Amino acid sequence: MRGMDILAEVLDRVRLGGTLLRHFELGHPWSLALPSRSDALFHYLSRGQATLTLEQGREIRMVEGDLVVVTRGEPHVIFSDRGVQPFQILHLDRPPLQLGATHHGGSAQPLATMVCGNFTVSRPARGSVLELLPPVLLLKPAADGDWLEAILRRMVSESALERPGQRVALSRLTEVLFVEVLRTWIKSLRPGEGGWLGAMADPHIGPALQSIHEQPERRWTLGELGQRVGLGRSAFAARFTRLVGQPMGRYVIARRMAEAAYLLESSDEAIARIAAQVGYETAAAFSKLFQRHHGLSPGRYRAARRAEGGQRKGDGLQADVAD
C-alpha cells in the first residue's frame, strides 16, 4: 500500500493528459503506418488479430483483447497482411470528418476493430513516469481485466456523439486507463525491473523510498536509512542500487530536483525558500545543481513552464470554441 501512496503522489503532481484519437473498423487486408510522435500511443484490439512492427524491427503479435502502448512515440506499422502497402496516418490527432468509427481496408474477413489514443505527461520535464516504462508495453487480457474493456468501451461511446464536456470526459477516462496500465505493468515486474516503480514492492526498499519522498530535504545517509528498514549500510546500498537502478544519493538528488521543479511551477515562493525546502542551505548551491539537472536556472525554468501552461490554456479555449 505504501508503494501506491508514492505512485499516487507522483501521478497527482504530473500533468497527465491524453484522449481517444480514433476508433477503427478494419476489413482484411489492412495496414496502417504511424509516424514518430512526442507522446505515447496506445492501441487496443477489441476484435480480430494484427501485427505491430517498430521501425527498428521488433514485431508484436496482437490478438483480441490486447493493449499495446508505444511509450516513446516511435514510428510503427499495424497490419493484418504485411504485403499490403501501409496507409500513412499523418494526422491522427485531427478529428475525423464524421463522428464514430473510421472505416479502412478491404471487405474480406476477418474484420478487426481497434481503438487508438495517446498518453501525455508534461510535468516534470525529466524523470517522467513514461520514461520508466519499456519502449513497447504489451498487456494481455487477464482474469480481472474487465476494467480495460469497460474503460475503452466508455471512451468509444463518449466519442461517438458530440456532447458538452466531451473533451474533459475523454481526458479523465484516459487518466484512469493510464493508472490501470501502470498497476498491471507493476504487478508483472521481476526484482530489478521498472526502476523505483518496481522497487516499491520490496519490503526493505519500498519503506526507504517512502521516507525519501516524505522528507526529501533531510540529509539522508545510507546507514540511517538502512537501519530504518532493517539492513546494514553495505547491504542496503547494494540492494537500493540493484532494485532502483541508481545509488541512493543520486535518487535523493533527483527527488529533490523534482520537488523543486514542482514548487517553482505551482507556487510563487522565492527561490531561496524553495532551496531551503528541498535541503539546500544556499540558493547558489541549489541553483547550480538545478541547472545541471534540468538545463535551466530556477528562474528561467519557472518562466518557461508557466509560459507553456499559458499556451496550453489558450489552446484549450480555442478547442472549446472549435467544438
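It should be emphasised that the depicted structure is a prediction, and the values quoted were computed from it without experimental measurement.
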Note to self: Please verify the inter-ring angle class for Tyr301 with His294; under 30° counts as parallel, over 60° as perpendicular, anything in between as tilted.
What the structure shows: tilted

Margin query: Tell me if a side-chain donor or acceptor on Arg256 pairs with a main-chain N or O of Glu217 at a distance below 3.5 Å.
Written below: yes

Check: Can you tell me if Asp202 uses its side chain to pair, donor with acceptor, with the backbone of Ala199 under 3.5 Å?
Finding: no

Note to self: When you measure from the side chain of Arg233 to the backbone of Leu222, do you find a donor-acceptor pair of N or O atoms at a distance under 3.5 Å?
What the structure shows: no

Item checked: Same apolar cluster: Val168 and Met155, side chain cutoff 4.5 Å -> no

Notebook entry, point to check: Is His43 reaching over with its side chain to a backbone N or O of Leu41, donor-acceptor style, under 3.5 angstrom?
Noted result: no

Checklist line | Lys/Arg-Asp/Glu bridge criterion (N-O < 4.0 Å) met for Glu224, Arg219 | finding: no

Next item on the list: Tell me, yes or no, whether the heavy-atom count around Glu281 atom CD, taken from other residues, nucleotides or ligands under 6.0 Å, exceeds 12.
Entry: no

Notebook entry, point to check: Under 6.0 Å between ring centres, would you say that holds for His204 and Phe236?
Noted result: no

Item checked: Main-chain N/O of Ala284 paired with Ser287 side-chain donor or acceptor, under 3.5 Å -> no

Margin query: If I compare all heavy atoms of Thr221 with all of Met248, which pair ends up nearest, and what's the gap?
Written below: C-CE, 3.9 Å

Check: Do any N or O atoms from the side chain of Glu55 and from the backbone of His76 form a donor-acceptor pair under 3.5 angstrom?
Finding: no

Margin query: Any non-hydrogen side-chain atom of Phe24 less than 4.5 Å from a side-chain atom of Cys116?
Written below: yes

Checklist line | Positive for side chain to side chain donor-acceptor pair (under 3.5 Å) with Asp39, one of Asn118, Thr71, Thr120 | finding: Asn118

Next item on the list: For the residue pair Trp196 and His213, categorise the inter-ring angle as parallel (less than 30°), tilted (30 to 60°) or perpendicular (more than 60°).
Entry: tilted

Check: Around Lys140, counting heavy atoms of other residues, nucleotides and ligands shown, do more than 12 lie under 6.0 Å from its NZ?
Finding: yes

Checklist line | Close side-chain approach of Leu137 to Val68, heavy-atom, < 4.5 Å | finding: no

Checklist line | pair Val70-Phe42: side-chain heavy atoms closer than 4.5 Å | finding: no

Item checked: Heavy-atom donor-acceptor pair, Arg302 side chain to Ser267 backbone, under 3.5 Å -> yes

Note to self: For the CD atom on Gln215, are there more than 12 heavy atoms of other groups (residues, nucleotides or ligands in this structure) within a distance under 6.0 Å?
What the structure shows: yes

Check: Hey, what do you get for CG (Leu264) to CZ (Arg300), rounding to the nearest 0.5 Å?
Finding: 14.5 Å

Notebook entry, point to check: Has the side chain of Ser171 got a donor or acceptor atom that lies under 3.5 Å from a matching backbone atom of Thr19?
Noted result: no

Margin query: Rounded to the nearest 0.5 Å, what separates atom NE2 in His104 from atom CZ in Arg22?
Written below: 11.5 Å

Check: Thinking salt bridges, do Glu193 and Arg190 make one under a 4.0 Å N-O criterion?
Finding: yes

Note to self: Hydrophobic clustering (ILVMFWY, side-chain heavy atoms < 4.5 Å, transitive) - are Val84 and Leu26 grouped together?
What the structure shows: no

Can you give me every donor-acceptor pair (side chain of residues 45-53, partner residue at least two apart or in another chain, under 3.5 Å) with its distance?
{"unit_1": "Ser46", "atom_1": "OG", "unit_2": "Thr113", "atom_2": "O", "d": "3.3"}
{"unit_1": "Ser46", "atom_1": "OG", "unit_2": "Thr113", "atom_2": "OG1", "d": "2.5"}
{"unit_1": "Gln49", "atom_1": "OE1", "unit_2": "Arg61", "atom_2": "NH2", "d": "3.4"}
{"unit_1": "Thr51", "atom_1": "OG1", "unit_2": "Arg61", "atom_2": "NH1", "d": "2.7"}

Margin query: Could you report the tightest heavy-atom contact between Ala33 and Pro86, atom names first, then the distance?
Written below: CB-CB, 3.7 Å

Notebook entry, point to check: What are the two closest non-hydrogen atoms of Ala261 and Phe290, and how far apart are they?
Noted result: N-CE1, 3.9 Å

Notebook entry, point to check: Does atom CZ of Arg163 have more than 12 heavy-atom neighbours from other groups under 6.0 Å away?
Noted result: yes

Margin query: Using the side-chain hydrogen bond (donor to acceptor under 3.5 Å, both in side chains) criterion, which residues pair with Gln56? Sequence neighbours excluded.
Written below: none

Checklist line | Side chain Thr174, main chain Leu170, donor-acceptor under 3.5 Å | finding: yes

Next item on the list: Say whether, by atom type as modelled, one donor and one acceptor occur between the side chain of Trp185 and the main chain of Leu139 under 3.5 angstrom.
Entry: no

